Amino acid sequence: MISTLLRSEAMPQAIPRNSEIILELKQVSYRYPSGKVALEPLDLCIHRGEFLCVVGPSGSGKSTLLSLLAGFLKYQSGELLLSGQRLTHPNMGQTLVQQEHALFPWRTVLGNIEFGLEFVWGKKRLNKTERKNKALEVLRLVGLEEFAQRRVHELSGGQRQRVSIARALALDPELLLLDEPFSALDVSTRNKLGEELLELWRKTGKTILFVTHNLDEALHLGQQILALKEGKVALEGPTEQFTLQDLQAMLE
Amino acid sequence: MRRTMFHTLTITLLTSMVLIPTISALSTVSAVSAQKATVVRLGYFPNLTHAAALVGLAKNYFTQELGSVKLEAKSFVSGTTLNEAFAAGEIDIGYIGPGPAINAAVRGMPIQIIAGASNAGAVLVARKGAGISSYKDLAGKKVAVPSLGNTQDISLRHILKEQGLQLTQEGGTVALVPIAPADVATAFASKQLDAALVPEPWGAVLEQRGGVIIGNEKTIWREGNYPTTVVIVNTKFAANNPELVKAFLKAHVKSVNFINTNGPAAQGVIAAKLFELTKQKIEPLQLQRSLKRTVITTKFDLEALKEYGDLNKEAGFIRTLPDFNQLVNLEVLKSIQK
Amino acid sequence: MQQTIGSERQVKKPIALWVWNLVGLFVFLGLWFVATDVLKLYKPYVIPPILGEQGILIEFTDNPAMWKSIPQSIMRIAIGYGTAVVLGSIVGIILSISTGLRGIVGGWLTAIQSVPSIAFVPLAILWFGLNEKAVYFVVILEGFIPVALAISSSLANVSPSLRIAGRTLGAKGLGLYLKVLFPASLPNLTTALRTSWSFAWRALIGGELLTSNQGIGQLLETGRNTSNSALVIATIFVIGTLGIVMDSVMRSWETTIRRNYGLEVNA
């Protein structure tokens, strides 16, 4: 089974201890150049195959955490290990899906998915045909194979986010980071994509860190919850331990 | 369908409305010279080869002969600009090289050559160290003329042809560049240019600054017996004002005679007029040399003029030759010199 | 009812702009022909007719210099404009890195750009001589500035989310420039490339005119020097035609790009 460990190994619930740790944060903190604290020293542990939702209002530090994990910000204390390696810069091991407008309009849908593969060098290097096949395979996962040759602007908002997720998955990352990927979509599309993401997670067994300010969404999707408030952990644990009211109360 | 027709008609009408005033505006130009002139508009260059014009102006020969009719003299930098003014109907009488005169005639301008003004007066000067000591050495060199299609350009083409040389644009090795004679010295100094065929006094100026005279006035062509400057007249002006043309030519002959009979005095007059026009002082020695290489005369060789025409045609500047019998009319000159 | 409207629309196709352009050209040439060749309203040396010895057409059919000059100028503009674009890109990249640099150098470039290229020709002749180098100098000088300015500003303004997307997917350094930042700037660049083209084209004609290198510009000078207004008009026609052909090629490229990027609403 899949499990999450937050802060310490001694968490309740049936969490199998044999699962490999993918991501480990030890006293990781971040201050803005102005000196203001964005994230207090944080300990966090994510095991392979977990689905963790990070919630919090704006300014809670959830975006900072995501940027640190994606490698766009440099943490100023502690240690951040991905698969046992110190994480210092953006890496194909952890790919990020943003809110919106991040697909490359000069490429077709398929071209967007192939993008990351073009930067894989060495033994894992794929030739053109292999890249195309790999991209098509991932595109099939999100059910958009007939849109392969379309331009980005021809897609709906929901389809675009599916392509964004497929693009991030194509690199086969250890950790998939999602930054409020559905927040710009209407409610029904959001719900539909949420279901699809869950199914994708089950199919691929990917480790997912999902940031959202939508508590309903977090409770519905996440296997584990991490709630942040003013740069500190407000609440953490398996989703089933919390109700919506708990979360709302904690974050107020 | 009907609508498209209507549109086309509208466009046509509108365009015509623009064009017709232009037409009438242009036709007024010729209307001016149809009346008896009260003013003679003269064009010339501040060059030594135009010495007759310079002396005629400086010594008031023209105004004396024209009497109550006013003289408006304009100086031009080249035959090109003078021809433009002539085409626009702003010049009645002019001093110009035979090259531009032939061009103008071929384009159908109302031009006639009524006298010669100078022969020879152009030299080929090489830059010191350019490795040119004879015409043959021009192969692979860069040679300047005052402007394309002008008299010196045509002379240079003649020289090259005699030497069996060709220009780069004809697949040969000699690069021809049009440069104003005043800029040749600078181009020599920066080694951008190897030689130049220039009218006097520029030949003497370049010679004094270390240039080497390769072809003198005699060796360039026909032993010096070729026209460099001629007197032209607008035929419409001549038809309406024969007495003014005659009066002008009298003054022209007077100037030529003065230059040829009063050497040192003429030099002084020319130098003063050149300085007045160009603000450039020409040393007496340079002027002497220049004048020695220039023949100031009212005569010119018609055969040489015809050869100019042939060379001009060969160079691709004109497609047809002018009717030389129409172009040249020396009747008035002859009547004066009788 | 609806069907009728639909079918009517299909029958009445809008007439393309170039058709109107051609119609306009022919009407103009027709009027010219009537005024000069038929009615002989003008002196041929002032406004030449279309046909005949003094005509404009003969400059195309019987003037070897014309057909030698056109390819010469096209070669020069190809080399000059190509170099200008490459140089402009390099300068643009350097400028895009620092806002301060953009402020200092960008101001200078804008100032130079506002000076007509012909003003630089005498300097170019002084520095490079009366040769092709002087022509290339003005062409490149005029051509590279719009490109450099557009690249520096559009690179700096690439949407951060595209930059982040590129980096998270493994692009960095040159790869990030070539595969994310440049393509992302392209819609802004196409307009600059077109502006740069027209600047370079004008600079070329001016440069050739003043430096006496064989080419289209020199045809103008020859026409003027030999009182051949037919040659001058024929040459102007060539300059305009080549200019408009190149401009429309670039414009259609621009439209394609904008459409692909989803920046143009029409399909």
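None of these values were measured; they are calculated from a predicted model. Only this structure's heavy atoms are used, side chains among them; waters, hydrogens and symmetry mates stay out. Naming convention: chains lettered A, B, ... in sequence-line order (proteins, then strands); numbering from 1 in each chain.
- Residue contact with chain C, scored on non-hydrogen atoms closer than 4.5 Å, is absent for B/Pro100.
- Within a 6.0 Å sphere centred on NZ of C/Lys68, other residues, nucleotides and ligands contribute more than 12 heavy atoms.
- Counting non-hydrogen atoms of other residues, nucleotides and ligands closer than 6.0 Å to CZ of C/Phe237 gives a total of 12 or fewer.
- Using modelled atom types, one side-chain atom of B/Arg319 and one backbone atom of C/Asp62 make a donor-acceptor pair closer than 3.5 Å.
- In this structure, C/Leu29 places its CG atom where more than 12 heavy-atom neighbours from other residues, nucleotides or ligands lie under 6.0 Å away.
- Two residues are said to be in side-chain contact when any heavy atoms from C-beta on lie closer than 4.5 Å; B/Pro178 and C/Gln218 meet this criterion.
- Within residues 225-236 of chain C, the residues that have a heavy atom under 4.5 Å from a heavy atom of chain B are C/Asn225, C/Thr226, C/Ser227, C/Asn228, listed by number.
- If you measure heavy-atom distances from C/Glu53 to chain B, the contacts under 4.5 Å come from both the backbone and the side chain.
- Interatomic distance, B/Thr320 OG1 to C/Gln54 CD, rounded to the nearest 0.5 Å: 6.5 Å.
- For a residue to count as touching a neighbouring chain, one of its non-hydrogen atoms must lie under 4.5 Å from one of that chain's; by this rule B/Ile102 does not touch chain C.
- Between chain C and the residues B/Thr186, B/Thr81, B/Ile179, B/Val106, the largest count of heavy-atom pairs under 4.5 Å involves B/Val106.
- The CD1 atom of C/Ile125 sits 8.5 Å away from atom CG of B/Asp183, with the distance rounded to the nearest 0.5 Å.
- The distance from atom CG of B/Leu148 to atom CZ of C/Arg224, rounded to the nearest 0.5 Å, is 12.0 Å.
- In this structure, no portion of B/Lys191 lies under 4.5 Å from any heavy atom of chain C.
- In this structure, B/Pro110 and C/Tyr45 approach most closely via the heavy-atom pair CD-OH, 3.2 Å.
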